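FYI, side chains are in, hydrogens and waters are out, and symmetry mates aren't considered; it's all heavy atoms of this structure. As the structure is a computational prediction, the values presented were derived from the model and not from experiment.
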Amino acid sequence: MKILRIIALSLFMSGCANAQSTTTTVKLKISGEPLPAIRHIMDMKISGDTLLFVFECEGGYGQRLLRRAIIDNTIKISPDMGKLEDGYYASYMPYPFISDNGAIHVVGQDDGEIFTVENDTAFVRTRQYLMDSNSTVPFPLSHYVQDVYMTNPDRYVFIGREPNGGRQYAMTADLATSKIDTVRQINISPELQTWMSNAGEMVYSGNHDRLAFAYRLHPVVEIFDTDGKTIKSVKVGEDVFDPNTLEEADLEAMNSLHTVDLTYTSDYIYALHWGYGYSDADKTAPAIYKIDWNGKVIDKYTNMRYPLYRIAAINDSSLIGWNGKELVLIQL
């Protein structure tokens, strides 16, 4: 009912917007714990009326912080999650994920340690790791993990990488057997193998048992099943990637970016598409593609407010967005 009140408020403010072609953006007032100066938000997820977001602070030296927020006409912010009594943190790279029963969990993105969450903000060790020295792996892997989803008790899908800038894969982890296996390699072409040229984001639908990966540097969203079979490759723009920039430290700043964030519901994928570079983010409108899990583009929303850097789906018609300064409700 809380989320329904937000949606009703946005419709009252905007009139009945045509969900097939337009969007309405409403600024959401923040209450609860004050936020520090945020440099970047790396990840946002929604479970019910709870928003989880990972961010870096200005002057934070790369440490990532996790907060939760209750969506109820305002965004009510919690204190830092995982903060210990001595001021240190249980994980300095926390990555939230939702378990198969809807509970919030956290994995250390740099070491794979899995935590449960108690009393809203406390991390409790489970003594389990997504991947550790005892895991059976198909080839050497970095400990860094990305885009973790629980598919069944003790079973996960995630993005794993070879060390030293190697290739990346959609992978499965079976904690009961300590076995890591591949679903498929994530790469746009045989000529571009390293993970840097194939950076992006993956989401998972338990309803369809399918995965979707969207590339930041290439205008493609790939949908595939958990056996690695391609369902559909969806093109969302024109590819202008310059391979000559691969040796440059500011690779992304030298190229147009495509899907800069990906979110989902059980029935749809939402791709936040730029088609421009960072230097144009504050003066160019992005688009949001709504795609079903069979790869059909349902709609493209092009009248977006800008800038817009992150999105998270509340339901099939409402998203939370981050514009670099504030959280907003986007009504499709």
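Taking the side chain as every heavy atom from C-beta outward, Q146 and V148 never approach each other to under 4.5 Å. Between I291 and I223, the closest side-chain pair of non-hydrogen atoms falls below 4.5 Å.
Judged by distance alone, the side chain of N323 and the main-chain N or O of K325 form a donor-acceptor pair under 3.5 Å. Proximity of a side-chain donor or acceptor of N152 to a complementary backbone N or O of R155 within less than 3.5 Å is not detected. At distances below 3.5 Å, at least one donor-acceptor pair connects side-chain atoms of D239 with backbone N or O atoms of F241. Checking side-chain atoms of R310 against main-chain N and O of I41 turns up a donor-acceptor pair under 3.5 Å. Looking only at distances, no side-chain donor or acceptor of T259 sits under 3.5 Å from a matching main-chain atom of D261. Counting only distance, with no hydrogens or angles, the side chain of D250 and the backbone of A253 share no donor-acceptor pair below 3.5 Å. Judged purely by atom type and a 3.5 angstrom limit, H273 uses its side chain to pair as donor or acceptor with the backbone of V236. In this structure, the side chain of S256 does not engage the main chain of G277 through any donor-acceptor pair within 3.5 Å. Looking only at distances, a side-chain donor or acceptor of T263 sits under 3.5 Å from a matching main-chain atom of A313. At distances below 3.5 Å, not a single donor-acceptor pair connects side-chain atoms of T116 with backbone N or O atoms of H105.
With hydrogens and angles left out, the side-chain atoms of D299 and Y289 include no donor and acceptor closer than 3.5 Å. In this structure, a donor-acceptor pair under 3.5 Å is present between the side chains of S318 and Q331. No side-chain donor-acceptor contact under 3.5 Å links Y268 and K296. In summary, the side chains of R184 and T230 do present a donor paired with an acceptor at a separation below 3.5 Å, with no hydrogens or angles considered. T226 and D209 form a side-chain donor-acceptor contact under 3.5 Å, judged by distance and modelled atom types alone. Side chain to side chain, T245 and D242 fail the donor-acceptor criterion of an N or O pair below 3.5 Å. Using modelled atom types, one finds a donor on one side chain and an acceptor on the other under 3.5 Å when comparing T23 with N303. Side-chain polar atoms of R216 and N198 form no donor-acceptor pair below 3.5 angstrom. Using modelled atom types, one finds no donor on one side chain facing an acceptor on the other under 3.5 Å when comparing T265 with N315.
With F115 as the fixed residue, the ring-ring contact (aromatic ring centres under 6.0 Å, His included) test singles out one of F123, Y89, Y129: F123. Applying side chain to side chain donor-acceptor pair (under 3.5 Å) to Q185 and the options R167, Q193, Q168 leaves one that passes, Q193. The only option from D43, D80, D120 that meets the salt bridge (charged side-chain N to carboxylate O under 4.0 Å, His left out) definition with R67 turns out to be D80.
The two atoms that bring A287 and K300 nearest to each other are CB-CE, 4.0 Å, heavy atoms only. Across every non-hydrogen atom of M171 and T182, the tightest pair is CE-CG2, 3.6 Å. Scanning all heavy atoms of the two residues, the minimum distance from G295 to V234 falls at O-CG2, 3.4 Å.
For an aromatic pair to be called close, the ring centres must be under 6.0 Å apart, and Y144 with Y95 fails this. The ring of Y215 has its center closer than 6.0 angstrom to the ring center of F213.
Within the model, atoms CZ of F97 and CD1 of I104 stand 11.0 Å from one another, a figure rounded to the nearest 0.5 Å. Rounding to the nearest 0.5 Å places NZ of K283 at 10.5 Å from OH of Y306. Here the CE atom belonging to M150 is positioned 10.0 Å from the CG atom belonging to L130, to the nearest 0.5 angstrom.
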